[in-house]
Amino acid sequence: MKILITAGPTREKIDPVRYISNYSSGKMGYALAEAAVRKGHKVTLVSGPVSLVPPKSVKLISVESAAEMACEVRRLAKSADLIIMAAAVADYTSAKFAKDKIKKKKAVLSIKLKKTEDILAGLGKSKKKGQMLVGFAAETSDLLRNAKLKIEKKNLDWIVANEVGRKDRGFSSDNNAATLISREGKKIVLPLQSKKLLAEEILKIIVRQAFQPVIN
Ligand code: CTP
């Protein structure tokens with residue numbers, strides 16, 4: 001299969017020396033890319049700024065902002081059989097980029113933010129027949145309910161629901177637990193394990209489904 005994977009955070013510039021971002025390390029997306037090439041798939045990885053070495057045989061495209069990621073993903077999505085959006089795309093970016101460094105004057109400083117493009121929702125709208133779309137849901141509460149809503153909202157085939165904000169899993173950790181939820185409501189609980197093993201499990205389940213489509 002031709003698989004497109006996104007990974008890592010995005011960085012949204014405020015001024016020449018500052019940015020908004022999140023704690024994503026990229027480890028989950030990179031582990032998925034590695035698992036996919038090992039199984040013989042053709043993998044393109046669109047990655048935000050991370051300090052990881054890309055797996056061999058993966059075509060790496062490095063981006064910085066949500067807008068840049070959106071641009072590359074849109075271009076590459078056309079020829080992908082399976083797209084996995086593991087990136088933690090920033091939801092907001094600075095409404096205005098300050099050309100000069102913002103000086104330390106005010107005691108309280110407000111910065112106006114505007115929404116970034118929802119890349120995955122866009123892919124859901126233009127999904128080709130036979131193309132599979134997988135999202136991640138990063139939640140701190142109501143994990144399954146919030147994840148299910150995202151399946152509908154973004155027209156996904158699967159969502160990987162995972163908890164963030166806990167020390168033993170998620171974002172920067174080497175380990176994670178997740179619940180895979182399908183569009184048809186199938187739920188597969190994957191317990192806490194290394195991101196490497198978790199990635200192999202996730203990929204196995206999704207690829208199996210790709211070759212055995214559910215007939216409604
Ligand atoms: N996503 C995206 N573009 C965005 C924001 C998110 O493509 N601008 C994708 C992520 O890569 C992930 C999925 O949407 O696969 C869900 O991301 P998440 O952060 O859990 O949810 P949001 O849609 O951003 O909603 P909220 O932050 O309100 O939970």
Side-chain angles (χ1 to χ4, degrees), residues 3-13 19-33 36 43-50 61-78 80 82-95 113-127 131-166 169-173 176-183 190 195 198-199 202-203 205-206:
I3 306 183
L4 172 61
I5 299 171
T6 66
T10 65
R11 241 179 224 180
E12 311 302 322
K13 281 185 182 159
Y19 59 82
I20 301 166
S21 194
N22 57 62
Y23 289 116
S24 169
S25 62
K27 286 176 188 164
M28 196 65 232
Y30 276 59
L32 282 164
V43 182
T44 304
L45 179 63
V46 178
S47 175
V50 296
I61 296 175
S62 298
V63 296
E64 190 168 318
S65 65
E68 282 169 26
M69 185 173 278
C71 193
E72 292 298 336
V73 168
R74 235 190 332 264
R75 181 174 66 81
L76 295 160
K78 291 180 194 126
L82 165 64
I83 304 171
I84 308 177
M85 281 287 304
V89 186
D91 287 332
Y92 288 90
T93 189
S94 185
L113 303 178
K114 63 176 182 199
K115 262 191 186 168
T116 57
E117 172 183 340
D118 193 318
I119 306 170
L120 191 54
L123 294 176
K125 280 192 188 121
S126 60
K127 190 157 74 172
Q131 187 175 60
M132 285 192 93
L133 207 51
V134 181
F136 269 69
E139 310 292 348
T140 54
S141 62
D142 273 342
L143 179 67
L144 300 186
R145 200 176 71 89
N146 283 327
K148 277 185 199 156
L149 288 174
K150 285 174 189 168
I151 295 185
E152 291 299 317
K153 203 170 145 199
K154 307 193 191 210
N155 191 23
L156 308 179
D157 297 285
W158 287 93
I159 197 149
V160 184
N162 70 141
E163 278 182 86
V164 289
R166 284 177 62 163
R169 65 192 68 187
F171 276 179
S172 299
S173 170
N176 207 3
T179 302
L180 261 173
I181 308 170
S182 78
R183 188 185 185 81
L190 302 170
K195 285 185 176 171
L198 190 66
I202 291 170
L203 198 77
I205 295 163
I206 290 167

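Both counts, for ligands and for their atoms, begin at 1 and track the order of listing.
- Salt bridge Lys153/Asp118: absent, no basic N to carboxylate O contact under 4.0 Å.
- Within 4.0 Å of ligand 1, counting heavy atoms only, the contacting residues are Met85, Ala87, Val89, Ala90, Asp91, Thr116, Glu117, Asp118, Ile119, Leu120, Gly135, Phe136, Ala137, Ala138, Lys150, Lys154.
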For residues 131-142, which side-chain donor-acceptor pairs fall under 3.5 Å, sequence neighbours excluded?
unit_1: Gln131; atom_1: OE1; unit_2: Lys128; atom_2: N; d: 3.3
unit_1: Gln131; atom_1: NE2; unit_2: Ala77; atom_2: O; d: 2.8
unit_1: Gln131; atom_1: NE2; unit_2: Ala80; atom_2: O; d: 2.8
unit_1: Glu139; atom_1: OE1; unit_2: Asn146; atom_2: ND2; d: 3.4
unit_1: Glu139; atom_1: OE2; unit_2: Lys150; atom_2: NZ; d: 2.5

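- Residue-environment remark: NZ (Lys13) stays at or below the threshold of 12 foreign heavy atoms within 6.0 Å.
- Ion pairing between Glu117 and Arg74 holds under the 4.0 Å rule for side-chain N and carboxylate O.
- With hydrogens and angles left out, the side-chain atoms of Tyr30 and Ser47 include a donor and acceptor closer than 3.5 Å.
- Rounding to the nearest 0.5 angstrom, the gap separating the CG atom in Leu32 from the CG atom in Leu198 is 8.0 Å.
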